[in-house]
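Have a look at the structure below before the remarks.
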Number of protein chains: 2
Amino acid sequence: MFEQFRKEICRHVDFKDKELELIENGLCLRKVPKKYKLVEEGKICREIYFVNKGLMRLLYDKEGDEITAFIFKENLFASSYSSFLEQSPSIQILESLEETELIVLPYDYLMFLYENLPKMHILIRIVAEQRFINSQKVLASHLLKTPEERYWEFQLLHKDLLKRVPLHIIASYLGITPVSLSRIRNRTHKN
Amino acid sequence: MFEQFRKEICRHVDFKDKELELIENGLCLRKVPKKYKLVEEGKICREIYFVNKGLMRLLYDKEGDEITAFIFKENLFASSYSSFLEQSPSIQILESLEETELIVLPYDYLMFLYENLPKMHILIRIVAEQRFINSQKVLASHLLKTPEERYWEFQLLHKDLLKRVPLHIIASYLGITPVSLSRIRNRTHKN
DNA sequence: CTAATTTCTTTACAATTGTTAAGGAATTAA
DNA sequence: TTAATTCCTTAACAATTGTAAAGAAATTAG
């Protein structure tokens, strides 16, 4: 049930069995269907999700248009993290792209762990740092590369997602329209 | 000497006087002139800097062109954070935009503090989380807004920087060319 | 299986940006 | 102060993207 989760967190912090038990006492497993919204716009995000199986995406609703901020694959911690950290209304939406199996860590239980298992600060510090590094990479890609180069890069790094995710979602992740992505793909395949 | 620094970190973590002393034992003050490079491309970033007075910027060298990733004002923790965290060669440059006064926290001393003052994990967790939130905001701005809207937003949030920083640096921060920024400013002022 | 919906591509046109080059303004250095 | 450098704007043109609309293909729902 928590095998992947254990493996992932123990890569970063050396938790003892008793400590793992303490952590897992507050967790639960949740299965959601495709297109299920875990966090809605305007609501406070009160949980962090570890993706056991499936795909999640974080997105903005821009006057009806969906703009993808990030796609979470297996073994990543997903959440509307800004909303979770500040316990403030989310400006992002978190939803599943496939039928997805999640491990749920509630905010209140994380606070409990912070007090009773100080190592938890280390773990969450590392999770935050990694999400920061990721965010920096995506931002750098926008600052340094053209949409076309960004598509090539995406192809290299996330070949699997090209098959799992509709192209218009990838387009919005790359910061372009589906029409433009279609043109880029057309150009690319011919050369 | 460390007043601002103390005030800032105590906003987040309740350090006792003795603990503050322990932290400050490993810090030093550094004054650098304008355009001084604290971190060079390819070198490992071995320090975190707290900006006491002045301005720093994080940038990429893209085939000779300078692309600004972030601008650090007073009371922020600046660094090539990815390089610092992973102690790997930096793909970013960190340099001063003005004569700048910094408080320097060396990597080795942070490791020492992690071991001898566990609360340090909390502080650095919060610093990482805030840099993440910032990074998310900048990325959202790129995904959701046009360059023109991004300039308006910048004007609102960082009016002071328009006077302190050359426009071509702001242009690269907004992800556009100086020529394009000039056109946007021209359009904006007329309407 | 059929109908409805979603997804993807293509086209034509408008709008914006990038590029290159040139000149003037402002700042910095000698 | 003068000379050199940096900074900013403008112009013209090419390239790219966005928008709107339409239709084909694929997927989903009943």
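The structure presented is a predicted model; accordingly, all values stated were derived computationally and were not measured. Proteins get letters first, then strands, A, B, ... in listed order; numbering begins at 1 in each.
- A ring-ring contact (aromatic ring centres under 6.0 Å, His included) with F77(A) is found for one member of F72(A), F50(A), F70(A) and no other, namely F50(A).
- For the segment residues 58-71 of chain B, the set of residues with a heavy atom within less than 4.0 Å of an atom of DNA chain C is empty.
- Taking atom OH on Y151(B) and atom C1' on dT9(D), their separation rounds to 13 Å, with Å as the unit.
- Formation of a donor-acceptor pair under 3.5 Å by the R57(A) side chain with backbone atoms of I71(A) is not found in this model.
- Residue pairs meeting the side-chain hydrogen bond (donor to acceptor under 3.5 Å, both in side chains) criterion with at least one member in residues 78-93 of chain A, sequence neighbours excluded, are R46(A)-Q87(A), Y60(A)-Q92(A), S80(A)-S90(A), S80(A)-Q92(A).
- No donor-acceptor pair closer than 3.5 Å links the side chain of E74(A) to the backbone N or O of K53(A).
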Worksheet item: If the sugar-phosphate is the primed atoms plus P, OP1 and OP2 and the base is the rest, what is the B/S/- string for nucleotides 10-19 of chain C, using protein heavy atoms under 4.0 Å?
Response: BBB----BBB
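- In this structure, N116(B) and L22(B) approach most closely via the heavy-atom pair O-CD2, 4.4 Å.
- Across all their heavy atoms, R150(A) and K145(A) have their closest contact at NH1-O, 2.9 Å.
- Between the axis at the start and the axis at the end of the helix from dC1(C)-dG30(D) to dA30(C)-dT1(D) there is an angle of 60°, using five pairs per end and rounding to 10 degrees.
- The shortest non-hydrogen separation linking M1(A) to N52(A) is O-ND2, 3.6 Å.
- With contacts defined as side-chain heavy-atom distances shorter than 4.5 Å, the pair L38(A)/E95(A) does not qualify.
- Here the P atom of nucleotide dA26(D) and the NZ atom of K163(A) are 16 Å apart, to the nearest Å.
- Side chains of K119(A) and H121(B): a donor-acceptor N/O pair is absent below 3.5 angstrom, by distance only.
- Sequence neighbours left out, the pairs with a member in residues 167-176 of chain B that pass side-chain hydrogen bond (donor to acceptor under 3.5 Å, both in side chains) are T68(B)-S172(B).
- Within 6.0 Å of atom NZ in K62(B), more than 12 heavy atoms from other residues, nucleotides or ligands are found, so the atom counts as buried in its surroundings.
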Between protein and nucleic acid, restricted to nucleotides 22-30 of chain C and to nitrogen or oxygen atoms under 3.5 Å apart, what atom pairs and distances do you find?
none

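- Rounded to whole Å, the distance from CG on L167(A) to P on dA25(D) is 17 Å.
- Between the side chains of E47(A) and Y49(A), at least one donor-acceptor pair of N or O atoms lies under 3.5 Å.
- V51(A) has its side chain out of reach of K73(A): every pair of non-hydrogen atoms, C-beta onward, lies at least 4.5 Å apart.
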